[in-house]
Amino acid sequence: MWFVFALITALAWGGADLFYKKGSDPDDRFSHIKIVIMVGLVMGIHATAYMLIKGITFDPTDLLRYLPVSALYILSMTIGYIGLRYIELSIASPVQNSSGAVTAILLFIFFTHELGVVEILGISIITLGVIGIAISEKIAEQQALRLSSTLIDKKYQIGFMAIIFPLLYCLIDGLGTFADAIYLDELSLITEDSALLAYEFTFFICAVVSFTYLKFVKKQTFNVFKERNKGFAAILETTGQFFYVFAMASNAIIAAPLIASYSIFSVLLSRIFLKEKLSKVQYTIVVVVILGIALLGIADEL
């Protein structure tokens with residue numbers, strides 16, 4: 001079932017990326033804080049409902065036990081939210097989600113794993129495809145800037161600020177996923193339910209702190225009912241997180257790069273809804289990555 005869980009996660013987070021981008025205002029320097037608040041709120045509601053429905057007794061010490069993982073994830077996500085103010089989603093997402101390759105490499109180095117030819121091929125195709133999308137998009141953007149004298153929206157310009165955030169996300173998220181794999185799969189330091197609740201309640205605490213800062217320190221107004229795009233992003237983010245935990249607990253070294261392919265779905269959705277243009281090369285890469293995902297699905301059945 002890990003493959004199905006990983007695929008659902010990729011689809012959900014691909015959709016979340018679209019709404020993150022739509023809800024990110026380049027003129028609002030508090031946009032990333034508002035996203036953190038919305039995601040934390042939804043995760044807190046989900047964690048409470050999940051705990052009550054399943055009759056789970058949550059141990060508060062799990063918050064501390066799982067804190068290294070939660071901290072890396074939340075930090076990387078916040079950096080990603082800031083970066084969306086400066087760069088196109090179709091560039092940011094693939095660069096960020098090269099983190100799946102970072103995780104797979106670290107797991108292969110530090111833990112003993114035997115991967116079949118089909119699995120190695122699938123992971124390689126997905127990873128190279130994700131990186132290839134980012135490279136081709138950057139080249140296309142540079143060509144467009146050279147050929148056009150039209151003033152480009154600052155939200156879509158590429159510069160140091162634009163590229164540093166996705167790169168930081170990639171590194172920190174890769175380390176977080178590696179730590180998660182140790183906790184859930186390699187050493188089984190925590191159960192899936194405990195990890196899910198610990199992470200979501202930690203994010204909720206961050207949301208409360210962020211709201212307090214925004215409301216009482218910066219004196220900013222914030223109405224959750226008027227943040228529709230951020231709300232949809234938060235719901236899809238939480239949906240993906242739910243399935244992500246169970247995927248990582250079963251087969252982390254393969255699930256991580258597969259889940260990272262959600263950038264491909266982000267790219268397709270940004271093309272459809274945000275009108276971000278894709279070339280024939282990029283469409284080819286998307287098809288190739290989907291083939292890589294299919295190979296991992298076949299390997300799971302072998």
Side-chain angles (χ1 to χ4, degrees), residues 8-43 45-46 73-74 76-97 130 133-134 137-138 140-141 144 150-159 161-163 165-166 169-170 173 203 206-207 210-211 214 220-241 244 259-278 282-283 286:
I8 293 174
T9 301
L11 289 167
W13 283 353
D17 259 8
L18 172 68
F19 286 104
Y20 282 141
K21 187 66 175 181
K22 292 182 69 175
S24 181
D25 184 356
D27 297 316
D28 182 2
R29 61 194 182 98
F30 300 110
S31 178
H32 59 290
I33 297 178
K34 293 175 181 178
I35 295 177
V36 170
I37 294 171
M38 290 301 296
V39 174
L41 175 62
V42 173
M43 284 196 175
I45 293 172
H46 175 263
Y73 278 150
I74 294 172
S76 67
M77 290 175 68
T78 303
I79 289 173
Y81 299 153
I82 298 173
L84 286 177
R85 294 168 55 196
Y86 299 99
I87 190 169
E88 283 191 10
L89 176 61
S90 45
I91 301 175
S93 187
V95 173
Q96 289 175 174
N97 293 296
V130 168
I133 279 284
E137 188 67 15
K138 183 175 181 179
E141 186 72 17
T150 304
L151 181 63
I152 306 297
D153 189 329
K154 62 182 178 180
K155 189 174 185 177
Y156 298 104
Q157 292 178 7
I158 297 178
M161 289 292 288
I163 201 65
F165 288 114
Y169 177 100
C170 174
D173 186 66
F203 215 127
C206 290
S210 297
F211 179 78
L214 190 68
Q220 297 291 310
T221 59
F222 181 73
N223 187 335
V224 296
F225 298 104
K226 293 183 178 180
E227 301 289 347
R228 179 177 297 181
N229 287 323
K230 293 182 179 67
F232 285 137
I235 292 171
L236 288 167
E237 180 70 44
T238 304
T239 300
Q241 184 63 38
Y244 167 84
I259 291 170
S261 71
Y262 78 78
S263 59
I264 296 301
F265 299 107
S266 300
V267 166
L268 290 175
L269 291 172
S270 65
R271 171 64 185 90
I272 295 171
F273 295 102
L274 301 183
K275 308 304 181 184
E276 295 181 359
K277 296 180 180 179
L278 297 179
Q282 291 162 338
Y283 279 118
V286 168

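Treat the numbers as computed from the prediction; the structure is a model and nothing was measured. Quick note: residue numbers are just sequence positions, from 1.
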Inset, instruction - Could you give me the CA-CA distance, side-chain angles and deciding distance for Leu214 and Ile37, then say whether side-chain contact (heavy atoms from CB on, under 4.5 Å) is met? - result: CA-CA 10 Å; Leu214 190 68; Ile37 294 171; 3.9 Å; yes
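- The CG atom of Leu269 lies 10.5 Å from the NZ atom of Lys22; values are rounded to the nearest 0.5 Å.
- Residues Thr239 and His46 have side chains not in contact (no heavy-atom distance under 4.5 Å, counting atoms from C-beta outward).
- If you take CD on Glu237 and CZ on Phe203, they are separated by 7.0 Å, rounding to the nearest 0.5 Å.
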Legend entry - side-chain contact (heavy atoms from CB on, under 4.5 Å) between Arg228 and Phe19, intermediate numbers included: CA-CA 9 Å; Arg228 179 177 297 181; Phe19 286 104; over 6 Å; no
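- Rounding to the nearest 0.5 Å places CZ of Phe211 at 15.5 Å from SG of Cys206.
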Inset, instruction - Assess whether side-chain contact (heavy atoms from CB on, under 4.5 Å) is satisfied between Thr9 and Tyr262, documenting all intermediate values. - result: CA-CA 8 Å; Thr9 301; Tyr262 78 78; over 6 Å; no
Inset, instruction - Check the pair Leu236, Tyr20 against side-chain contact (heavy atoms from CB on, under 4.5 Å), reporting the backbone distance first and the verdict last. - result: CA-CA 10 Å; Leu236 288 167; Tyr20 282 141; over 6 Å; no
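- Scanning all heavy atoms of the two residues, the minimum distance from Ala10 to Ile259 falls at CB-O, 4.1 Å.
- What you find for Ala234 and Met38 is that their closest heavy atoms are CB-O, 3.5 Å.
- For Trp13 and Phe265, the gap between ring centers reaches or exceeds 6.0 Å.
- A distance of 11.0 Å separates CG of Leu18 from CG of Leu268, quoted to the nearest 0.5 Å.
- Between Val224 and Phe222, the shortest heavy-atom distance links the atoms CG1-CE2, 3.6 Å.
- Taken to the nearest 0.5 Å, the CG atom of Asp173 stands 12.0 Å off from the CD1 atom of Ile74.
- Arg271 places a side-chain heavy atom less than 4.5 Å from the side chain of Tyr283.
- Across Gly40 and Ala207, no two heavy atoms sit closer than the pair CA-CB, 3.6 Å.
- Classification of the Tyr244-Tyr73 ring pair by plane angle, with boundaries at 30° and 60°, yields perpendicular.
- Heavy atoms only, all atoms of each residue included: Glu227 and Lys230 are closest at OE1-NZ, 3.0 Å.
- When every heavy atom of Ile79 is checked against every heavy atom of Tyr169, the shortest pair comes out as CG2-N, 4.2 Å.
- The distance from the OG atom of Ser210 to the CD1 atom of Ile35 is 11.5 Å, given to the nearest 0.5 Å.
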